[in-house]
Amino acid sequence: MKFLMILALGTTLLFGAVDINTADLKELMTLKGVGESKAKRIIKYRKKRCFKTVEELKKVNCIKGKKVIKKNKGNLTASQCSKK
C-alpha cells in the first residue's frame with residue numbers, strides 16, 4: 001500500500017505540477033521545504049480563500065517570503081479559483 005502511494009506521488013512530481021488549490025496533505029508535503037505543519041497551514045488557508053496565483057502562497061503565515069515558491073518553481077500551479 002505504501003509503495004503504491006509513493007509511486008503515485010512520484011508520478012505526480014514527474015508528470016504534473018502540484019496544484020495548491022486541490023492537493024491533499026501528502027501531495028503538498030512532496031514540495032521542497034513543506035512538511036506536515038506547512039501543508040496543514042496551506043490547506044487551512046485555502047479553506048477560507050483559494051489561491052488565484054502561485055505567488056499568493058506567500059500569504060500563508062508559515063511561508064517565508066518566496067523561498068518555497070523559488071525551491072519549487074515549475075512544480076507549482078494554482079487551478080482556477082471557484083471561491084469568491
Side-chain angles (χ1 to χ4, degrees):
M1 183 68 163
K2 286 184 181 180
F3 175 75
L4 292 176
M5 187 177 301
I6 292 169
L7 182 63
L9 290 175
T11 303
T12 299
L13 289 175
L14 288 174
F15 299 108
V18 175
D19 186 334
I20 56 176
N21 279 324
T22 61
D24 64 17
L25 184 74
K26 291 180 180 173
E27 287 176 306
L28 290 169
M29 289 173 56
T30 64
L31 297 170
K32 294 175 188 173
V34 177
E36 185 174 354
S37 177
K38 285 184 182 178
K40 285 180 179 180
R41 288 181 184 211
I42 292 168
I43 291 170
K44 183 179 178 181
Y45 179 92
R46 77 171 184 221
K47 283 182 180 179
K48 295 178 183 174
R49 61 194 82 72
C50 61
F51 299 97
K52 293 178 182 163
T53 67
V54 170
E55 290 295 319
E56 287 186 30
L57 188 60
K58 64 185 174 187
K59 291 183 179 180
V60 179
N61 65 1
C62 66
I63 306 295
K64 303 290 186 221
K66 296 183 179 182
K67 278 187 175 183
V68 171
I69 297 168
K70 187 175 181 179
K71 287 180 184 179
N72 295 285
K73 187 177 181 179
N75 194 35
L76 289 170
T77 186
S79 61
Q80 187 173 357
C81 184
S82 59
K83 293 181 186 177
K84 295 184 181 188

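Position 1 is the first residue of the sequence; numbering continues from there. Only a predicted model underlies this, so the values are computations on that prediction, with no experimental measurement involved.
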(message) Quick check for you: to the nearest 0.5 Å, what is the distance between Asn61 atom CG and Lys44 atom NZ?
(response) 8.0 Å
(message) If I compare all heavy atoms of Ala23 with all of Val18, which pair ends up nearest, and what's the gap?
(response) CB-CG1, 3.7 Å
(message) Please find the pair of heavy atoms, one from Lys58 and one from Glu55, that lie closest to each other, and give the distance.
(response) CG-O, 3.0 Å
(message) To the nearest 0.5 Å, what is the distance between OG on Ser37 and CE on Met29?
(response) 10.0 Å
(request) Determine the minimum heavy-atom distance between Leu25 and Glu36, stating which atoms define it. (result) CD1-O, 4.0 Å
(message) Would you compute the distance between atom CD of Gln80 and atom SG of Cys50 and round it to the nearest 0.5 angstrom?
(response) 9.0 Å
(message) Between Arg46 and Ile20 (side chain of the first, backbone of the second, donor and acceptor by atom type, cut-off under 3.5 Å), is there such a pair?
(response) yes
(message) I need the Leu57 CG to Leu31 CG distance, nearest 0.5 Å.
(response) 8.0 Å
(message) Using every non-hydrogen atom in the two residues, find where Val68 and Leu76 come nearest and quote the distance to one decimal.
(response) O-CD1, 4.5 Å
(request) Determine, for Tyr45 and Arg49, whether the Lys NZ or Arg CZ falls below 6.0 Å from the six-membered ring centre while staying within 45 degrees of the axis. (result) yes
(message) Could you report the tightest heavy-atom contact between Leu28 and Ile43, atom names first, then the distance?
(response) CD1-CG1, 3.6 Å
(message) Whether the side chain of Asn21 engages the backbone of Phe51 through a donor-acceptor N/O pair (distance < 3.5 Å, no angle test) should be reported.
(response) yes
(message) How close do Ala17 and Gly74 get, counting heavy atoms only, and between which atoms?
(response) CB-O, 4.4 Å
